[in-house]
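Structure record follows, encoded as structure tokens.
Below, chain A is the first sequence line, B the second, and so on; all start at residue 1.
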2 protein chains.
Amino acid sequence: MPRPRSRLRLADVAERAGVSLTTASRALAGRDGVREEVAERVRRISQELGYVANPHARTLAGGTASTVGLIVHQIDDPYFSEIAGGVIQRAGEQNLIVQICHSGRDPQNELRQVRHLIAQRVGVVIIAGSGYVDPRMEAESKAELSAFQNSGGRLTVIGRHFLGADAVRPDNKAGAETVTGHLLSLGHRRIAVAAGDARLSTVADRLAGVAAALERAGLPAAGLPVVHTDFTRGGGRDAAERILRDHPDTTAIVALNDAMAIGVLSALREHGVPVPHRMSVAGFNDISIAADLAPGLTTVRLPLAEMGRQALCLALMPRASRPRRKSTGHALVVRDSTGPAPSV
Amino acid sequence: MPRPRSRLRLADVAERAGVSLTTASRALAGRDGVREEVAERVRRISQELGYVANPHARTLAGGTASTVGLIVHQIDDPYFSEIAGGVIQRAGEQNLIVQICHSGRDPQNELRQVRHLIAQRVGVVIIAGSGYVDPRMEAESKAELSAFQNSGGRLTVIGRHFLGADAVRPDNKAGAETVTGHLLSLGHRRIAVAAGDARLSTVADRLAGVAAALERAGLPAAGLPVVHTDFTRGGGRDAAERILRDHPDTTAIVALNDAMAIGVLSALREHGVPVPHRMSVAGFNDISIAADLAPGLTTVRLPLAEMGRQALCLALMPRASRPRRKSTGHALVVRDSTGPAPSV
DNA sequence: GTGAAAGCGCTAACAG
DNA sequence: CTGTTAGCGCTTTCAC
């Protein structure tokens, strides 16, 4: 692509305003060291001319990189697109631009994206989505990201245990405890879990919440059937099949995210298992479609878009001496996919 | 944000390779004017060192801006997130980065985003989503985008009539004709349409398809009840309410996109109207959740992710003397939300 | 074929 | 408070 037509430069504004480049630069950046009256004039002229700074020149000269890099598993997964929506909305208010990359939940690929973003000199990196329990899988990314932070880059993670970075932390354990408690209070005693890849920290955390609820109720968490498959709709289908086959007396399935819950519902429908009369199903996240499934999905609501906003807000604040943690809170949303345990 | 630590520069690579900056630059850009043997050595050294060019310096110096700007209505709308997924995937293969902005379907805001993207010196702009029938609403954006193209920028639109830019064109009219034909063949004669804002070109095109199918069947398209509301789930709900109230003998509703169809289904469920026994419902787009609704949504499939890919592919080819058009094709996906017309 | 030198548009020392 | 002077890292004439 050939070069764009030459646009207005700061020099043009400065000339029109009868000041030097420096003064114009300072005035527009809102830095002080300029008489307010002069600054005002420069700003007005810049406005009139429709001047917009060249971000590349600005970044190159050592200023602020006004882009934020967002790494998600897949943008067409509602969990991530809702979070991304929040990030983009917040960015728009600040005239920042958001660059989105896919990690595909693959540490190697994520590393590539992290490097790419850093090479692009973004000022902010936000990583959304579960990490792995085993720190070794992410060691390289971490190293790269630490260096990024040490050189002044801002990093925020959403739903990931990354000590040393500001974090938005979904209420994974507590949420899972709440939804399991809901099932228990409906009289369910034979609960099974459709879980994602056991190596994912989110899966581990939510699983811990399920176990905690069981224990609190004085039930043995040890015998809890947990089926680990993909953390996706397809995984949910597989999990449901296996639960139906291996644990036929199950009366409730906790899916560790809504995508899996959707898969579970789909499999149960195929098998003619009525929900919730014969089997209750609960999800996690409350992606917006959850309300429109039939039956409506009982799930744990996380404020997804808000989480995206928050993540960017954190990143936009100067780095604190100790990483900040924002917990999301959660809310149980009871719809029609859960009901009293069938009295066998 | 302070400046990032200084990274490897081209000068470092050049020095290591014992050549000048110029030669190194040429070698890495794959331009000729360098002995192949030397070029090879430079590339190898650059590789070993892990050198990545500073894109800002490159862009500033007048080279290629290796970012693509994607404007969507809202990223958390599945129609757009699936398209975006395709764009991002293709971009990843090329080591390009995708910047995403929301237009909110507001021409003024879209204009802002277009300007912002152009000011960022992106090399490619992709605009996804319907435009308005009235060209005046988009005149400003068009002017800006034409200038962008004339200065060498590449533009592709998805689902928008923008003469003068490469375009991916969803099969709106034909698709609507197909799905309406499906309903007619099931014996439906009292069909109503849940349509979005009448000023949207996509709505107009799909509506034309519905009318065409009716006429082809020898039915008067004139009396067709068309309810114009928002092109969203909420709009679908409103439309269904109105159809139920004003045209109680309707046996089938064509929603002009899946989001509206979801709203229609939701309203019908609330009113206790059985689908498809008392009312058939069809959508448009086949967003991935369509298969998981209950009843499964009969809809017109558009290859959403593929459309995103295609759009970027078009943009990556050199501009043709005449704008290229890629039609998407479409497929009717019959699920459980449509059935024979009730024999009253 | 190869290199030296001049910018791209901006910010940031450093002087006044 | 304001202006002058160097670069930021790269591409690109223009000489050799």
Side-chain angles (χ1 to χ4, degrees), chain A residues 1-43 46 49-67 118-121 123 151-152, chain B residues 1-43 46 49-67 118-121 123 151-152:
Chain A
M1 318 154 205
R3 57 178 306 105
R5 80 175 182 284
S6 101
R7 299 180 129 249
L8 237 37
R9 290 160 312 148
L10 181 55
D12 300 319
V13 176
E15 191 186 347
R16 242 78 151 199
V19 297
S20 73
L21 255 182
T22 315
T23 303
S25 173
R26 286 202 264 250
L28 294 182
R31 247 166 303 142
D32 47 45
V34 184
R35 209 181 342 140
E36 185 44 36
E37 181 189 321
V38 177
E40 183 49 49
R41 180 157 41 94
V42 173
R43 280 193 286 263
S46 146
L49 264 41
Y51 168 75
V52 185
N54 180 327
H56 298 104
R58 190 173 261 180
T59 305
L60 186 56
T64 299
S66 58
T67 50
I118 294 176
Q120 291 273 335
R121 311 300 199 272
S151 69
Chain B
M1 317 154 206
R3 57 177 309 103
R5 80 174 184 284
S6 101
R7 297 181 129 248
L8 235 37
R9 290 160 312 148
L10 181 55
D12 300 320
V13 176
E15 190 187 347
R16 241 78 151 199
V19 297
S20 73
L21 256 183
T22 316
T23 302
S25 172
R26 285 202 264 250
L28 294 182
R31 247 166 302 141
D32 47 45
V34 184
R35 205 172 355 131
E36 184 45 37
E37 181 188 321
V38 177
E40 182 50 48
R41 179 157 41 94
V42 172
R43 279 193 287 262
S46 147
L49 264 41
Y51 168 74
V52 185
N54 180 327
H56 298 105
R58 185 173 266 179
T59 305
L60 186 56
T64 299
S66 58
T67 51
I118 295 177
Q120 291 271 337
R121 311 299 199 272
S151 67

In this structure, how many angstroms lie between the P atom of C/dG1 and the CD atom of B/Glu37, rounded? 13 Å
Please give, in whole Å, the distance from C/dG9 P to B/Arg58 CZ? 18 Å
Counting any heavy atom closer than 4.0 Å, what does A/Ala53 reach on the DNA or RNA strands: base, sugar-phosphate only, or nothing? sugar-phosphate
Examine distances only and state if a side-chain atom of A/Arg41 and a backbone atom of A/Ala39 form a donor-acceptor pair shorter than 3.5 Å. no
Spacing between B/Leu10 atom CG and D/dT11 atom C1', to the nearest angstrom: 10 Å
Could you list all N or O pairs between the protein and nucleotides 4-7 of chain D that sit under 3.5 Å apart?
unit_1 : atom_1 : unit_2  : atom_2 : d
D/dT4  : O4     : A/Thr22 : OG1    : 2.5

Starting at atom CG of B/Asn54, determine the distance to atom P of C/dG9, rounded to an integer number of angstrom. 16 Å
Between D/dT2, C/dT11, C/dT2, spot the one nearest the side chain of A/Val34, thanks. D/dT2
Over the length of the helix from C/dG1-D/dC16 to C/dG16-D/dC1, how much do the five-pair end axes diverge, rounded to 10 degrees? 40°
Check: B/Arg43 side chain, B/Leu28 main-chain N or O, donor-acceptor pair, under 3.5 Å: no
Step by step, work out the side-chain hydrogen bond (donor to acceptor under 3.5 Å, both in side chains) result for B/Thr22 and B/Ser25. CA-CA 5 Å; B/Thr22 316; B/Ser25 172; over 6 Å; no
The nucleotide from C/dC10, D/dC10, C/dA12 with an atom nearest the side chain of A/Arg31 is C/dA12
Closest non-hydrogen atom pair, B/Ala24 against B/Ala14: CB-CB, 3.8 Å
Taking every non-hydrogen atom, the tightest pair across B/Val42 and B/Ala17: CG2-CB, 4.1 Å
Closest heavy-atom contact between B/Arg26 and B/Asp32? CD-O, 3.9 Å
Would you say the side-chain atoms of A/Arg58 pair up with the backbone N or O of A/His56, donor to acceptor, closer than 3.5 Å? no
Whole Å only: how far is the CG atom of A/Asp32 from the P atom of D/dT2? 12 Å
To the nearest Å, give me how far apart CD (B/Glu15) and P (D/dC10) are. 14 Å
Taking all non-hydrogen atoms of both residues, which atom of A/Ala119 and which atom of B/Val52 are closest, and how far apart? CB-CG1, 3.7 Å
Where the side chain of B/Thr59 meets the backbone of B/Pro55, is there a donor-acceptor pair that is under 3.5 Å apart? yes
Rounded distance in Å - CD (B/Glu40) to P (C/dG1): 17 Å
Just the rounded figure in Å: distance from P of D/dC8 to NE2 of A/His56. 19 Å
Should B/Tyr51 be listed as having a side-chain N or O under 4.0 Å from OP1 or OP2 of D/dG9? no
Looking at D/dC1, I'd like to know if its phosphate oxygens (OP1 or OP2) sit under 4.0 Å from a side-chain N or O belonging to A/Arg35. no
